[in-house]
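These notes are about the structure you will find just below.
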Amino acid sequence: MTTIDTPTATNTLNSYNPSTGELVGSVPVTPANQVDAVIAKARAAQPAWAALSAQERAEMLKPAGEALMARSEELGRILSLEQGKPLAEGIGEVNACGAGMAETVDEIAQAVQPQVLKGDGAQSLLCYDPFGVCAAITPWNFPILMPHWAVVPALVAGNTVVLKPSEQTPLIADEYVKVLNEFLPEGVLQVIHGEDDQGKALVAGDVDMIAFTGSKTAGQHIMAAAAPGLKRLILELGSKDPCIVLEGADLEQAATFAARNSFRNCGQVCVSTERIYVQESIKDAFMDKLLEQTRAFTIGDCLDDNANIGPMVMREQKEHVLRQVHDAISKGAKVLFGGNEHEGNFVEPTVLDGVTHDMDIMTTETFGPIACVATVRDADEAVELANDTEYGLGAVVFGDDETARKVGRRLTAGMIGVNRSMGGVGGAPWVGARHSGIGYHSGPLGHRQFCQVRVITTNEA
Ligand code: NAD
């Protein structure tokens, strides 16, 4: 297997193009023993930041959204070069942060307004106060969106933030912080760069809450490290999302979703479709459409206009995916599409049929462009297998509307799509169940997770 290895450096964090292995740029590493000083600066800046109203903080961030959009081509290029996704998707990710900024910060400011409850001759004021200093630790798969999802609600709620982005994608995170800092007071938002050691120092430091998005393993370590200080946690972790396709489904719609959601961002999406369960009576018709849709995906460099899937972000990720594919084949899975070896960090979009739960690829997160299909007798078997996982971020079911709704209600994921994708409408939280997370974010419920609720009760006059 030919792969591209990522060189390491000690005082400089280099970022490499995963398609070519070329250096894209570098940032200085924050020595782990300086992380406490960064946190101290965030703590010193927090009282003045919290003294502003939430709406004042929101107004400060609005022009940052416009600045992100004004630079989206340049920033999208940096993002794509270091992460690998097609340039249009890199630019789109920057624009998604920028374009949604004004609406998002207003929504957060509104969500953290005090609420009044009345009863029994008394009234309670529910106050949503900032915790203090928030550590935001983020992954590489959406390297500007994931920092944005943690940083913005933490800031508008009145916390100051120290961001530790993934060591795979430091450049775009660094640029993001620079853009926001054009509009923020000194010390309110800082970034530290490095690998696990910097993340560990941040978690161990004098922070009040940790908003982490990443792998289950790192989440478990962070939870343990946060325990002595009972630090508040939001953990958004991995998953093994199922997609169920039953009789009565619009097969064109189901196959289009299954292919796109298996292959987009090279399968490196927390809510990727990682398991497909198809009812036997419609299996052949569905597979024809799934294979047809799969042919529409082409791997290539992020700047290649003909490619709509980039490489895996790093060698280890490619090796993990291929290990799972080979294990599945050795246990009886059939390759219906793809499966060929490629140079560099590329993995071909691949369709496997006949997968079973004794294969690692059906139980451990893959995070690669592999559509794994299993045949089920009926809805009951589909539900049983879909729920046979430690994870529970998203799940999707296609079928006749009545059956699909009933099946959807029986699934144990946090976000369930019925005849559509799993994402909720505006205002809904992004929430994982079971080992996919603790706490959640987005929407008013999620924004309040960045706050300490205080209940002040007085007698009614
Ligand atoms: P990762 O856990 O390896 O790293 C994430 C971040 O944590 C990085 O910045 C890393 O340096 C840091 N880190 C690692 N170990 C740490 C420790 N012990 N203490 C403190 N910091 C530590 O994850 P990744 O490979 O960057 O991202 C992929 C994972 O993220 C997948 O599992 C994916 O499902 C998950 N993810 C989840 C969501 C969600 O919303 N649930 C969204 C995106 C990605």
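We count ligands from 1, going down the list as the structure has it; atoms in each ligand are counted the same way.
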According to the ring-ring contact (aromatic ring centres under 6.0 Å, His included) rule, which pairs have a member within residues 198-242, sequence neighbours left out? none

Exercise answer, ligand 1 polar atom pairs (N/O) under 3.5 angstrom:
from: ligand 1; atom 1: 2 (O); to: S215; atom 2: N; distance (Å): 2.8
from: ligand 1; atom 1: 2 (O); to: S215; atom 2: OG; distance (Å): 2.6
from: ligand 1; atom 1: 9 (O); to: T138; atom 2: O; distance (Å): 3.0
from: ligand 1; atom 1: 9 (O); to: K164; atom 2: NZ; distance (Å): 3.0
from: ligand 1; atom 1: 11 (O); to: K164; atom 2: NZ; distance (Å): 2.8
from: ligand 1; atom 1: 11 (O); to: E167; atom 2: OE1; distance (Å): 2.7
from: ligand 1; atom 1: 23 (O); to: S215; atom 2: N; distance (Å): 3.4
from: ligand 1; atom 1: 25 (O); to: W140; atom 2: NE1; distance (Å): 2.9
from: ligand 1; atom 1: 26 (O); to: W140; atom 2: NE1; distance (Å): 3.2
from: ligand 1; atom 1: 30 (O); to: G214; atom 2: O; distance (Å): 3.4
from: ligand 1; atom 1: 32 (O); to: E365; atom 2: OE1; distance (Å): 2.6
from: ligand 1; atom 1: 34 (O); to: E365; atom 2: OE2; distance (Å): 2.7
from: ligand 1; atom 1: 40 (O); to: W430; atom 2: NE1; distance (Å): 2.8
from: ligand 1; atom 1: 41 (N); to: L237; atom 2: N; distance (Å): 3.3
from: ligand 1; atom 1: 41 (N); to: L237; atom 2: O; distance (Å): 2.8

Salt bridge (charged side-chain N to carboxylate O under 4.0 Å, His left out) partners of R409, counting only residues at least two apart: none

If the plane angle is over 60° it's perpendicular, under 30° parallel, otherwise tilted; pick one for H357 and Y277. tilted

Quick one: closest heavy-atom pair of T30 and Q198, and the distance? O-NE2, 2.8 Å

How would you list, by chain and number, every residue that makes a salt bridge (charged side-chain N to carboxylate O under 4.0 Å, His left out) with D129, sequence neighbours excluded? R454

F142 and W430: aromatic ring centres closer than 6.0 Å? no

